[in-house]
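Below you'll find the structure, written out as structure tokens, and then a few comments.
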Amino acid sequence: MKKLTQKEEEIMNVFWEKGPMFVKELKKEFSDQKLHYNTLSTIVRGLEEKGFIDHEQFGNTHRYFAALSKEEYKKKTLGNVVKKYFDNSYKNVVSLLVKEENISLEELKKLIAEIENTKTNSK
């Protein structure tokens with residue numbers, strides 16, 4: 001999966017939050033920024049080329065929509081980070097979080113209990 005720029009991620013968040021829309025509607029979501037219609041249109045077409053957005057045609061115009069859910073994006077992005085920086089080991093990720101005190105042992109114990117509970121209930 002290709003990486004998103006900050007602006008692309010902002011645009012994707014709008015699609016994930018608001019649903020399908022035309023570029024002119026998307027432009028309204030960025031009215032506080034000086035983004036030209038053509039600039040937004042170019043970014044949206046780039047997102048479509050990357051496989052993040054798809055469209056349906058209405059006459060001469062397109063209505064765009066997210067082709068990938070936010071959850072799918074988060075999973076793939078996390079998977080890429082774990083693979084690239086943690087030798088494809090989620091254990092190494094958790095270990096770093098504990099060492100850096102980003103997660104307490106109590107939180108870790110709760111997480112383990114939740115995971116065990118989920119596995120028990122899915123059987």
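Nothing fancy with the numbering, it's 1 onward along the sequence.
With sequence neighbours left out, Gln6 forms a side-chain contact (heavy atoms from CB on, under 4.5 Å) with Glu10.
In this structure, Glu17 and Asn13 have side chains that are not in contact, with every pair of non-hydrogen atoms separated by 4.5 Å or more. Side-chain contact check for Tyr85 versus Asn92: every heavy-atom pair is 4.5 Å or farther apart. In this structure the side chain of Leu47 reaches within 4.5 angstrom of the side chain of Leu4, judged on heavy atoms. A heavy-atom distance below 4.5 Å is not found between the side chains of Tyr64 and Asp54. Using a 4.5 Å heavy-atom threshold, the side chains of Ile53 and Met12 count as touching. The shortest side-chain heavy-atom distance between Val93 and Leu78 does not fall under the 4.5 Å cut-off.
Not a single donor-acceptor pair under 3.5 Å links the side chain of Glu49 to the backbone N or O of Gly46.
Using a 30° and 60° split on the angle between ring planes, Trp16 and Tyr73 fall in the tilted class, from 30° to 60°.
Shortest non-hydrogen contact noted between Ala67 and Gly51 is CB-O, 3.7 Å.
Of the options Leu111, Thr118, Asn117, a side-chain contact (heavy atoms from CB on, under 4.5 Å) to Ile115 is made by Leu111 and by none of the others.
The CZ atom of Phe58 lies 4.0 Å from the CZ atom of Arg63; values are rounded to the nearest 0.5 Å. Note that CG of Asn102 is 5.5 Å distant from CG of Leu97, once rounded to the nearest 0.5 Å. With values rounded to the nearest 0.5 angstrom, Asn88 atom CG is found 6.5 Å from Lys83 atom NZ. Distance check: Phe15 CZ to Met21 CE gives 6.0 Å after rounding to the nearest 0.5 Å. Rounding to the nearest 0.5 Å gives a distance of 7.5 Å between OG of Ser69 and NZ of Lys75. Rounded to the nearest 0.5 Å, atoms CG (Leu96) and NZ (Lys91) are 12.5 Å apart.
Within the structure, side chain to side chain donor-acceptor pair (under 3.5 Å) contacts touching residues 23-38 (residues at least two apart or in different chains) are Lys7-Gln33.
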Exercise. Should Glu116 and Ile112 be marked as a side-chain contact (heavy atoms from CB on, under 4.5 Å) after you check the CA-CA gap, both sets of side-chain angles, and the distance that decides it?
Worked result: CA-CA 6 Å; Glu116 288 174 342; Ile112 291 168; 3.8 Å; yes

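Salt bridge present: Glu106 and Lys110 bring a charged side-chain N and a carboxylate O closer than 4.0 Å.
Both Phe52 and Phe30 are assigned to one and the same hydrophobic cluster, defined by single-linkage of ILVMFWY side chains at heavy-atom distances under 4.5 Å. Residues Leu68 and Val81 fall into different hydrophobic clusters, defined by Ile, Leu, Val, Met, Phe, Trp and Tyr side chains chained together at heavy-atom separations under 4.5 Å.
Around the CD atom of Gln57, the shell of radius 6.0 Å holds more than 12 heavy atoms that belong to other residues, nucleotides or ligands.
Donor-acceptor pairing under 3.5 Å is recorded for the side chains of His55 and Glu48. Side-chain atoms of Lys3 and Asn80 form no donor-acceptor pair, as typed in the model, at a separation below 3.5 Å.
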